[in-house]
S.K.: 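Take a look at the following structure, please.
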There are 2 protein chains.
Amino acid sequence: MELRVVQGRRPVPNTVWPFDSVLDRNCRRQLESLVSVVDLAPGDVVAREGEVNGDFLLVSSGLLKLAKRLPDGRQQIVAFRSVGDILTLHRRDTPWPVTAQSVRASKLCRIEWEGLRRMADANPEIDRALLDLAADEITGLQERMVTLGRKSTEEKVASFLLEFCQPLAVQSNICREFALPMRRPEIADYLGLTTESVCRELSRLKREKIVAMPRPSRVVVLNRPALEALAHGETNRATYSSGSGMQARRERERARVGPR
Amino acid sequence: MELRVVQGRRPVPNTVWPFDSVLDRNCRRQLESLVSVVDLAPGDVVAREGEVNGDFLLVSSGLLKLAKRLPDGRQQIVAFRSVGDILTLHRRDTPWPVTAQSVRASKLCRIEWEGLRRMADANPEIDRALLDLAADEITGLQERMVTLGRKSTEEKVASFLLEFCQPLAVQSNICREFALPMRRPEIADYLGLTTESVCRELSRLKREKIVAMPRPSRVVVLNRPALEALAHGETNRATYSSGSGMQARRERERARVGPR
DNA sequence: CGGTATATTGACTTGCCTCAACACGGGTGG
DNA sequence: CCACCCGTGTTGAGGCAAGTCAATATACCG
């Protein structure tokens, strides 16, 4: 219940900083001296939607979720964050747009914005790196909008599995088996579905031998091409044949203004 | 059908640049010398999802939409862009994540990334301004995710009306009446709905005297509080009374890690 | 003043949600 | 080592919001 803030001396974990590639050894040292480490237990809230808090936070281990709530309790999980991810980017003088909550035991690195700002003024690469991170974030969110707005339950779940298949794939490059670090309700809130719909869809994927799940939190991808076809909305569901259903509206499109 | 690229000399429109506040007169001049103007007719495509094109584009008039498509033609409109907006931010070496298409006659300002990069190296305020813009973009997209993932049709439409009520409100500060610059199918693709659902909801809002629409593209807000209540999901629909329906799942939440 | 594009409405269908029962698993104490 | 319990996940039955298909009305434009 109380807050466990560990002032960071050396134990700054050997996290992969997003700046690692652009900063020299000296700057890294300097940066690390500004860092304090925060320990989080599952369920801990780091920052709440609407509150103003000008720190820069980086995930060093564990898993966090960023969520927005409606007054009646419905929630949308905007993103999950794990090792090496920046918690959020928003204007410093502006309230947090989302609530950040720890899904399981996690560690954060915290830097006061002032300190980071001072360093960035001396090392313009930092701002450039941040800009690239922001760009990636935007691209990712745009991708997710298609999922939320236009995909069916099965397409959403397939997309989800593929999304969380990748990161852990780094170890075994074929990546057939991996762990889901979150529970069913969180998957549902991430995809704009209910827990039950997620379950049903997972069961169907099992039944159709596209994945196997030796236990609820463990996924084995058996037929990746099929999963990808589903995720990208390739309408292979034999349900509707050609022109009807989920209309493939084709628009007149006038010209293409070439590059240059 | 052919592309109309007007090499910009002086006629660079007196657009409000996002950098206006941070650059001195001299730098502005320099920036403007790098700009060329692109004219767009309704339906023109500026850049297509997946294609690589390293220019920096700024809307100087008109209205554009940024959309992503699924292979069967379903599309999600990720954002609309109008005067003063940057078209998109994404890593320069990376393919466009969305297709940008002109909704009606528009003008763009184009700067080659190389030129902008060079200027930004000399004027770090530029990168900082871009970072702020990116942050705003992220915050906006997060807000839209709630709309797409967790709101009902009526809540989506109400949110939409309020969103497009603001920008044009600058003129009359009470902003009761405004024009919708896009058509029904575009509203639908923006909200993850069908044209028909959008229509039906607008009709309902008219019937309940929350808005009036003297003609399809013109909206008069009659009861703003009611519209806001709907938009923010205040569940005033007398449909379900207390605990049931669209469950207000309440989670145990452990601690709040304070600022500092 | 027609004629076409767009918007609206209606009747019907369906995908996803709701409510509720049931299964599983892993920790605990008898 | 087994019986019980509680949290989580899964499955089933039924309802409703939003989608589909199709007809009609309205706006826009020459």
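Just so it is clear, the values below take in all heavy atoms, side chains as well, and ignore hydrogens, waters and symmetry mates. In what follows, chains carry the letters A, B, and so on, assigned in the order in which the sequence lines appear, proteins first and then strands, with residues in each chain numbered from 1.
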S.K.: Among all residues two or more places apart in sequence or in another chain, which pass the side-chain contact (heavy atoms from CB on, under 4.5 Å) test with Ala100(B)?
M.R.: Val46(B), Leu66(B), Leu87(B), Trp96(B)
S.K.: Please enumerate all protein N or O atoms sitting under 3.5 Å from an N or O of nucleotides 27-30 of chain D, with distances to 0.1 Å.
M.R.:
none

S.K.: Would you kindly give the CD1-to-P distance between Ile187(B) and dT8(C), to the nearest whole Å?
M.R.: 9 Å
S.K.: Figure out the CG/P separation between Leu193(B) and dA7(C), and round it to whole Å.
M.R.: 15 Å
S.K.: Atom CG of Leu205(B) and atom C1' of dT8(C): how far apart are they, to the nearest Å?
M.R.: 14 Å
S.K.: Take atom CD of Glu201(B) and atom P of dA7(C), then tell me their distance rounded to the nearest Å.
M.R.: 17 Å
S.K.: Can you tell me if Ser203(B) touches the phosphate of dT8(C), counting only side-chain N or O atoms and a distance under 4.0 Å to OP1 or OP2?
M.R.: no
S.K.: How bent is the helix from dC1(C)-dG30(D) to dG30(C)-dC1(D), measuring the angle between the end axes built from five pairs each, rounded to 10°?
M.R.: 30°
S.K.: Taking all atoms of both residues into account, what is the closest heavy-atom pair of Arg150(A) and Gln75(B), and its distance?
M.R.: NE-O, 3.0 Å
S.K.: Taking only residues two or more places apart in sequence or in another chain, which ones pass side-chain hydrogen bond (donor to acceptor under 3.5 Å, both in side chains) with Asp136(A)?
M.R.: Arg91(B)
S.K.: Quick one: list whatever passes side-chain contact (heavy atoms from CB on, under 4.5 Å) with Arg184(A), sequence neighbours left out.
M.R.: Leu180(A), Ile187(A), Thr195(A), Val198(A), Cys199(A), Leu202(A), Met213(A), Pro216(A)
S.K.: How long is the line joining CG of Leu202(A) and P of dC16(C), in whole Å?
M.R.: 14 Å
S.K.: List in chain and number order the residues that pass side-chain hydrogen bond (donor to acceptor under 3.5 Å, both in side chains) with Arg218(A), two or more places apart in sequence or in another chain; answer none if no residue qualifies.
M.R.: Glu177(A)
S.K.: Below 6.0 angstrom between ring centroids: does that apply to Phe80(A) and Tyr190(A)?
M.R.: yes
S.K.: Can you check the Met213(B) CE to dT26(D) C1' distance for me, whole Å?
M.R.: 13 Å
S.K.: Atom CZ of Arg184(B) to atom P of dA25(D): distance rounded to whole Å?
M.R.: 19 Å
S.K.: Would the base of dC21(D) count as contacting Glu196(B) through its side chain, where contact means a donor and an acceptor less than 3.5 Å apart?
M.R.: yes
S.K.: What nucleotide among dT8(C), dC17(C), dA18(D) has an atom nearest to a side-chain atom of Thr194(A)?
M.R.: dC17(C)
S.K.: My understanding is that only residues two or more places apart in sequence, or in another chain, count here; which of them pass side-chain contact (heavy atoms from CB on, under 4.5 Å) with Arg200(A)?
M.R.: Glu196(A)
S.K.: With Gln142(B), which residues qualify under side-chain hydrogen bond (donor to acceptor under 3.5 Å, both in side chains), at least two apart?
M.R.: none
S.K.: For Thr139(A), which residues count as a side-chain hydrogen bond (donor to acceptor under 3.5 Å, both in side chains) partner, sequence neighbours excluded?
M.R.: none
S.K.: Should the pair Glu234(A)-Arg74(B) be classified as a salt bridge under the 4.0 Å nitrogen-to-oxygen rule?
M.R.: no
S.K.: Indicate, yes or no, whether a donor-acceptor pair under 3.5 Å links the base of dC16(C) to the side chain of Glu154(A).
M.R.: no
S.K.: Rounding to an integer number of Å, can you tell me how far Leu191(B) CG sits from dA18(D) P?
M.R.: 12 Å
S.K.: Looking only at side-chain N and O atoms, does Thr153(B) come under 4.0 Å of OP1 or OP2 in dA17(D)?
M.R.: no
S.K.: Could you tell me whether the phosphate oxygens of dT6(C), OP1 or OP2, come under 4.0 Å of any side-chain nitrogen or oxygen in Arg183(B)?
M.R.: yes
S.K.: Heavy atoms under 4.0 Å, any strand shown: does Arg200(A) hit a base, just sugar-phosphate, or nothing?
M.R.: base
